[in-house]
Amino acid sequence: MSRDYKAILNPVQYEACVHVSGPLLILAGAGSGKTRVITHRIAYLIENAGVDPSSILAVTFTNKAAREMKERVENLVGDGARRIFVSTFHSMGARLLRQHHREIGRSPNFVIYDKSDQEKLVKQVLKEREIAETAMSLQTAMLKLDSAKNNGYTPEDVHNGSRDYLFAGVYGDYEKKLQQADALDFGDLLMAFLGLLKQHQHIREYYQQRFRHVLVDEFQDTNTVQYSILKRMLNADRNLCVVGDDDQSIYRWRGAEVGNILNFEQDFPGARVIKLEQNYRSTGNILEAAGAVIARNSQRHGKKLWTSAGRGGPITVCVAANERAEADFIRDTIRELMRGENYQWSDFAIMYRANALSRVIEDSLSQARMPYVVAGGLRFYDRKEIKDVVAYLRLINTPNSSVDLERVINTPPRGIGAATIARLQAAARDRDCSPWAVLENPPDDLGAAARRKLGEFRGMMTGLMEQAKDQPLPEMVKLVLRQSGYLDMLTGEGTEEARGRMQNLDELVSFAAEFHQRPEDNSLQAFLEQSALVSDQDSVDLKGKSVTLMTIHTAKGLEFPVVFLTGWEEGVFPHSRARENGDELEEERRLGYVGITRAMRRLFITRAEERTVYGDRRPQRPSSFLLDLPRECVREVRAGRFGAGPYQQPWRRPDDETIQRPRYQLGGPVRSPAPPQPTVPARASPPARIATLVRDPEPAGASINPSDAIVHNEAVRAGRSWLEVYQSGDWQKLVPTRREEPAPAPPLESKVEYEPGVRPSRAERRDGGAWSPGSRVRHSKYGVGEIHERAGEGPEAKVKVYFPGEGIKTIIARFLTPV
DNA sequence: GGTTATACGATTTTT
DNA sequence: TCGTATAACC
């Protein structure tokens, strides 16, 4: 059976496909048929070069990519493809490390710790070492830990190398805690794997002999440790094929080392380099725009995408008055395209730099009743209730896991408080063992009650561990739910929220049932490993009939007929944090490149002239990336109502010198922007009716007649919601049980005016400038009072307030609520 | 030992 | 603005 590869592939793709031995670097531009080349190359190796499938190793970054690769190769070569070892770096590491658990001082059941688990351990270490926040914050410690592990540095390396003794100590303690907890973190799955390859010749040789051909996808995203692993697994034949795109390297901040792909030829002399530059995805205009943006980067191999298709329609750049208008523009455009051309909802994607930008867009889409899904956000396995129950399961599987023990020991509440837990931890430290081991033999400084409760907890857990041995997975989960009291706790709450949590737990049970049915390893161990190593990229579902909202990072590897890129403003995109650092700016530009190249037919880039950032309204300047777009590819539109003022052209040709010239000249005319006019809701007077409150049943001690109470606002905090209700001149908080559909909010009314030169304080801006003399305010302690005068400027505006019975008090405005 | 007030901080997140 | 971590409180 011979396949006509020449007919299926273009000449360059063909070359890459039939290169059998020796190092090969495939620089695969966006949309250049990369997956096609990889899968056909594997097929070629098996069918034409006589390579045994089981001697091929293909490494990807996501489970999804691994799954897809396997499927597609299977479609080409049939069942033989099953013997190819397709895996992510991390699951490969986990698998090997379980086999060699003794060498790394773990049980075969070791647990995998994620970032939040790591954080808990690091926090403990910082506390134990009495390191002040100012000396090293948790955040700094985590950053250093991450970078050490990405580069393969041990605590000793840090100590001797960078001489950061403080951190080296923290790192050492952390490692010890990990070991005591019978845990490995994500970094260890790679680092310890590398350690085994380095230290044990037989392990190294086993892999070198077993895998004659190694293939790596998304090579631009590999970190130092991953690259070292690859090098050590190679035998003298050096059959390493790496595929990637330096222009799409967007995970530098996660440790990805672009240098790996940039210097590949130096590392592997004689390596063949093939550039896939023909693009089969996008129109000419889109490619040209992408090329113009990325051309400004200096650190790159240099590729120029081309297409045999036409230019296509122009790229639309939309300048909107504010983020609201931006969102409405997107909504309207989608509606229009849905009406006219032959599109379906899932053809549209809206991409942004940061998750926070999705909110306004969601509001607009849901108001228009358009179906949409937000990719990413809170992962299923990150939900509290899921984490809780999974922690029980992890504890059953790995009793020494301290993070899990501490998570569940008082969830649901068992009267085991912070003090008792602290004693448990202290004892564990003294005895150099895990907290679980301490439970067997509790320390003396515990009271009788605490001792009893700990005993009960331990009894419950050992009971679960006993029963776990001979129960199928879904039954186990149910057992945990019942015996831990978790289900009772939720039932007892009886809230809407608790019901939602129960639904999620039902879903977890279904997951477990599904997992139990699978032909491969369906143990608890395997289930937990899967839950630790899944991501939301694995579950971006494009078959759904909805518009997709996501960050550009999440969009990497995907394509859509119509793409909207939002928030192209200085500080938003490129992000303000990237401004000083040239490397980071280059990464932002690559991100822009990734975003643009997701589009197949139509691309819309939007920006707002004014946007609320962290609660502050700010005028926004156009993104410098807009200046790079070739003018002839672009059409500009404006959306929303704009205030007065001259309009600036958002972009010029990149070679146009006018953009380099300073905007202002000494002695020349300037105009300062008008100071922002604060507009505030008049909350002191009864607001317009938004919804009528209906309560059922009447809560105890209620003093409100539901029928005439007016709901002003629904507040949601910490997962709970309540209504702010205005009645008889007073504000109250109520927990709603039933309410009518909210009507649109009434227009806001301006109240306070500022003299020229006087800026409202942060507090005033936040609370709507209600701090003028005469306003009535409420203080948590002193009750309702009247503002006497303002006492000072600045971000913490103070006011003197007269409280009946208390006299005049000076109070920071932030601590007052308008009445 | 659990609830409530206040302080604080805030990209991106393949495993 | 909004969500969370910590301190202060009962």
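Chain naming here is simple, since letters A, B, ... match the order of the sequence lines and numbering starts at 1 in each. Given the structure is predicted, the values throughout are model-derived calculations rather than measurements.
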- Message: Quick test of your reading of the model: are A:K556 and A:D245 salt-bridged, counting only N-O distances below 4.0 Å?
- Response: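 Salt bridge between A:K556 and A:D245, a charged N being under 4.0 Å from a carboxylate O: no.
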
- Task: Considering only NZ, NE, NH1 and NH2 on the basic side and carboxylate oxygens on the acidic side, decide whether A:R359 and A:D363 come within less than 4.0 Å.
- Result: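 The answer is no: the pair does not qualify as a salt bridge.
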
Presence of [X] side-chain N/O under 4.0 Å of [N] phosphate oxygens OP1/OP2:
X: A:R359; N: C:dC2; value: yes
X: A:Q139; N: B:dG9; value: no
X: A:Y614; N: B:dT11; value: yes
X: A:T551; N: B:dT11; value: no
X: A:K123; N: C:dT6; value: yes
X: A:T554; N: B:dT13; value: yes
X: A:N355; N: B:dT12; value: yes

What is the separation between atom [atom1] on [X] and atom [atom2] on [N], rounded to the nearest whole Å?
X: A:E119; N: C:dT4; atom1: CD; atom2: C1'; value: 12 Å
X: A:R611; N: B:dT11; atom1: CZ; atom2: P; value: 15 Å
X: A:L138; N: C:dT6; atom1: CG; atom2: P; value: 8 Å
X: A:R414; N: B:dG2; atom1: CZ; atom2: P; value: 12 Å
X: A:E569; N: B:dT11; atom1: CD; atom2: P; value: 17 Å
X: A:D616; N: B:dA10; atom1: CG; atom2: C1'; value: 13 Å
X: A:L585; N: B:dT12; atom1: CG; atom2: P; value: 18 Å
X: A:Y352; N: B:dA10; atom1: OH; atom2: P; value: 21 Å

For the side chain of [X], counting heavy atoms from C-beta on, which of [options] is nearest?
X: A:A354; options: B:dG2, B:dT11, B:dT14; value: B:dT11
X: A:E584; options: B:dT11, B:dG1, B:dG2; value: B:dT11
X: A:P413; options: B:dG2, B:dT11, B:dT13; value: B:dG2

- Item | B:dT12 pyrimidine/purine six-ring stacking with A:W253, under 5.5 Å and 30° |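 So A:W253 counts as stacking on the base.
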
- Message: Centroid distance below 5.5 Å plus an interplanar angle below 30 degrees: do A:H575 and B:dT11 meet both conditions?
- Response: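 It does: the ring sits over the base of B:dT11.
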
- Message: Does the Lys NZ or Arg CZ of A:R414 fall within the cation-pi geometry relative to A:F457 - under 6.0 Å from the ring centre and within 45° of the axis?
- Response: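 Judged by the rule (NZ or CZ under 6.0 Å from the ring centre, within 45° of its axis), A:R414 is not positioned above A:F457.
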
- Answer yes if the ring centres of A:F527 and A:F511 are under 6.0 angstrom apart, and no otherwise.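 A:F527 vs A:F511: aromatic centres not under 6.0 Å.
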
- Item | ring pair (Phe, Tyr, Trp, His ring centres under 6.0 Å) against A:F89, all qualifying residues, sequence neighbours excluded |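 Ring pair (Phe, Tyr, Trp, His ring centres under 6.0 Å) check on A:F89 returns A:F61.
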
- Message: Reading DNA chain B from 5' onward, which residue's closest nucleotide shows up sooner: A:R577 or A:G417?
- Response: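 The residue whose closest nucleotide sits nearer the 5' end is A:G417.
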
